[in-house]
> 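Handing you a structure now.
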2 protein chains.
Amino acid sequence: MNIGQAAKLSGLTVKTVRYYANIGLIMPLQDNQTGYRSFSEDDVAKLQFIGKARRFDFSINECRELLSLYQDKNRPSSEVKALTLEKIAQIDSKLDELTRLRDQLSHLANHCQGDGRPECPILDALSRS
Amino acid sequence: MNIGQAAKLSGLTVKTVRYYANIGLIMPLQDNQTGYRSFSEDDVAKLQFIGKARRFDFSINECRELLSLYQDKNRPSSEVKALTLEKIAQIDSKLDELTRLRDQLSHLANHCQGDGRPECPILDALSRS
DNA sequence: GCTTGACCTTTCAGTTAGGGGAGAGTTTAA
DNA sequence: TTAAACTCTCCCCTAACTGAAAGGTCAAGC
């Protein structure tokens, strides 16, 4: 099938599919005459796999690793689990950071009158050395 | 003072300060002869202000807004508060998203043996249509 | 057989917020 | 005087695409 069909079936945009093909994440056949790419059912399955992994916040390179594990029928599940636990740790770290940020901003906003007067503890905090 | 001194006093890198000057976030004097930028105490104060706002996750454009409010001695604090509340809402939204992601990945990891065998519910979940 | 429109191709540029480094000019201290 | 340290501009690089431009391909309809 052509790229439009593959994109539709995988829920990705044509642009994204082309990008994945360009960086070698998938390798559809390509007609020498027309340049048209030709996608198999298997290519579509990989695209769907990548789409889900991306929604789970895995990077393109992590997707590449997961994809090679996905294709290796003898892979040890420990490798996949390790990647996943690492990703969870990354997310936890980001959650901590954002929570601290949120609390600080919230504290500042709570102390700002938010009226027509110029006094503003938020700007004060930003300008305090 | 020169850019190195301004960078040191503001806790930013020279590259970052130069970037901020290039995009007009700050406007140090510049010697026509040598091209050297000359920073005032006020420029340094602004750099420190921007540095803090960036650490609070405000984007460069949000910093630009905050900076113009910071310089406007008649600004209503309501404007600053609105920007801050909007930023808090953005962070909350990101927190929700990451928390959902974390829970889903955690659920998958909990059900994966993580041993030498190839069976892996994580990959199964990624490849299920 | 021709045209139209949908689809496909490559390539370039832009996005965020700078980082790295080259090559050249400037300043300062020994 | 010279060497080190500092500064300048310019260009490429990052992640993961998106948009636009300019052109080739294909199927349907007349």
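Just so it is clear: chains get the letters A, B, ... in the order the sequence lines come, proteins before strands, and each one is counted from 1. None of the values given here were measured: they were computed from a predicted structure. These values consider heavy atoms only, across backbone and side chains, with no hydrogens, waters or symmetry-generated copies.
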> Using whole Å, what does the distance between atom P of nucleotide D:dC17 and atom CG of A:Leu12 come to?
9 Å

> Is A:Tyr20 near enough to D:dC17 that one of its side-chain N or O atoms lies under 4.0 angstrom from OP1 or OP2?
yes

> Taking CG from B:Asp31 and C1' from C:dT26, how many angstroms apart are they, rounded to a whole number?
10 Å

> How far apart are the C-alpha atoms of A:Arg75 and B:Leu123, what are their side-chain angles, what is the distance that settles it, and do they pass the side chain to side chain contact (heavy atoms under 4.5 Å, CB included) test?
CA-CA 11 Å; A:Arg75 81 257 159 168; B:Leu123 291 181; 3.5 Å; yes

> Could you check how far CG of A:Asn32 sits from P of D:dG24, rounded to whole Å?
18 Å

> Would A:Phe49 and A:Leu66 count as a side chain to side chain contact (heavy atoms under 4.5 Å, CB included) here? Give the steps.
CA-CA 9 Å; A:Phe49 180 95; A:Leu66 285 171; 3.9 Å; yes

> Which value, rounded to the nearest 0.5 Å, describes the distance between B:Leu83 atom CG and A:Leu105 atom CG?
11.0 Å

> Does C:dG18 have its OP1 or OP2 closer than 4.0 Å to a side-chain nitrogen or oxygen of B:Thr13?
no

> How long is the straight-line distance from CD1 of B:Ile60 back to CG of B:Leu25, given to the nearest 0.5 Å?
6.0 Å

> Could you tell me the separation between the CD1 atom of B:Ile122 and the CD atom of A:Glu79, rounded to the nearest 0.5 Å?
12.0 Å

> Could you say whether B:Gln33 or B:Thr16 is positioned toward the 5' end of DNA chain C, judged by the nucleotide with the nearest heavy atom to each?
B:Thr16

> Walk me through whether A:Glu62 and A:Gln90 qualify under side chain to side chain contact (heavy atoms under 4.5 Å, CB included).
CA-CA 13 Å; A:Glu62 287 167 332; A:Gln90 283 173 25; 3.7 Å; yes

> What string of B, S and - do you get for nucleotides 8-16 of chain C 5' to 3' if you count protein non-hydrogen atoms under 4.0 Å?
SBBB-----

> Sort me out a list of protein N/O and nucleotides 28-30 of chain C N/O pairs below 3.5 Å, or just none if empty.
none

> Got a second to check how far B:Asn2's CG is from B:Thr34's OG1, nearest 0.5 Å?
8.0 Å

> How many angstroms lie between CZ in A:Arg54 and CG in B:Leu126, if you round to the nearest 0.5 Å?
12.5 Å

> Rounded to whole Å, please give me the gap between CD1 in B:Ile26 and C1' in C:dG18.
14 Å

> Going through the checks in order, is the side chain to side chain contact (heavy atoms under 4.5 Å, CB included) test met by A:Met1 and A:Val44?
CA-CA 10 Å; A:Met1 73 190 78; A:Val44 172; 3.8 Å; yes

> Let me test you: for the helix from C:dG1-D:dC30 to C:dA30-D:dT1, what is the angle between the axes at its two ends (five pairs each), rounded to 10 degrees?
30°

> Measure from CE on A:Met1 to C1' on C:dC7 and round the result to the nearest Å.
16 Å

> Does the side chain of B:Ser93 come under 3.5 Å of the side chain of B:Asp96 through a donor N or O and an acceptor N or O?
no

> Measure CG/B:Asp57 against P/C:dA17 and give the value in whole Å, please.
10 Å

> Could you give the CD1-to-P distance, from B:Ile23 to C:dG19, as a whole number of Å?
12 Å

> Using 0.5 Å steps for rounding, measure from the CZ atom of A:Phe58 to the NZ atom of A:Lys87.
6.5 Å

